[in-house]
Amino acid sequence: MKTIQSVDEMQALVNGVRANGKRIALVPTMGCLHEGHCSLIRMAKAKAEFLVVSLFVNPTQFAPNEDFDCYPRQLQDDLLQCESLGVDAVFNPSVEELYPRGYSTYVTEEVVSAGLCGVSRPAHFRGVTTVCLKLFNIVQPQLAIFGQKDAQQAAVLKKMVRDLNLQLEMEIAPTLRDADGLAMSSRNKHLSASQRGDALAINRALGIGKTMVEQGVRNVDRVVAEITHHLAQHRRVRVIYVQIVDRDTMEPAREIVPGRHLVAIAAWVDEVRLIDNILL
Ligand code: PAF
């Protein structure tokens, strides 16, 4: 497995791979790999002949008051994990390599990114689309895989790929959960045992919503109220949003259509910000 920090080196490598007619897959990550990432990497491995994983904690998607500095990092473990999963190349550039002094170009998707997390994290998706477009340009993959846990991110990136005519297939892999139901996330590392106990309310609340819809409820306000009520029972949980939205456009639902909508939750569990969603 190659470990590459330089853009030039990465581009030279993939140019060679493409010249040999091999299909390249990219799994972009911010490192601190967990089983959720591993499932994306395995999926990519099965669908391409050359697999690149990027490990880059992207500063442009964090606001100045957010957790960029304390975002968990564990490069050595990540490299071992990638090696064991048969990754061909890891791209882990420095911040200066991707954003050299004087860097001034950003990509903004303006509709899908506007609601949900776009409200409380206004510059977040601009950072995500910018870094992903850069990674797509550097690695030139035919396939990129993202996780459904970040449903809005996936929808925003799909829209960018469509709007900018990128020749790239995007796959969205299902959310992986720990045995207790908590959606896997690098930020779970910051939860104490008792905070984790409260964080489980998020998954349970999504389950309550899903059951209501399975029982025939189509009224958005009723489902949102029930979910919000469940979350409110937990002292450490502060809801940022509970919304039922279209899974592609992220537009708020007027009436629930199973197969079309999802419930998305963002909440603070003390100082840890978690998101999760369930397809209806
Ligand atoms: O989901 C993530 O880990 C990040 O937002 C991504 C897609 C790697 C871009 O930095």
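Each ligand, and each atom within it, is numbered from 1 in the order the structure gives. Residues take their numbers from the sequence shown, with the count starting at 1.
The shortest N/O to N/O separation between Q153 and ligand 1 falls below 3.5 Å.
A cation-pi contact, defined as under 6.0 Å to the ring centre and within 45° of the axis, links K134 to Y99.
For CD of E35, the number of neighbouring non-hydrogen atoms (other residues, nucleotides, ligands) closer than 6.0 Å is greater than 12.
Between R260 and E255, none of the side-chain N atoms (NZ, or NE/NH1/NH2) sits under 4.0 Å from a carboxylate O, so this pair counts as no salt bridge. Taking a cutoff of 4.0 Å between a charged side-chain nitrogen and a carboxylate oxygen, R254 and D246 do not qualify as a salt bridge.
Proximity to M30 (heavy-atom distance under 4.0 Å) selects the following atoms of ligand 1: 3 (O), 4 (C), 8 (C), 10 (O). Per-residue contacts place F146 under 4.0 angstrom from the following atoms of ligand 1 (heavy atoms of the residue considered): 7 (C). For ligand 1, the atoms lying closer than 4.0 Å to a non-hydrogen atom of V131 are 9 (C), 10 (O). Close approach of ligand 1 to Q61 (heavy-atom distance below 4.0 Å) involves ligand atoms 4 (C), 5 (O), 9 (C), 10 (O).
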task = Would you please test I256 and N219 for side-chain contact (heavy atoms from CB on, under 4.5 Å) and show each step?
result = CA-CA 6 Å; I256 296 166; N219 183 289; over 6 Å; no
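For L157, no heavy-atom contact with ligand 1 is shorter than 4.0 Å.
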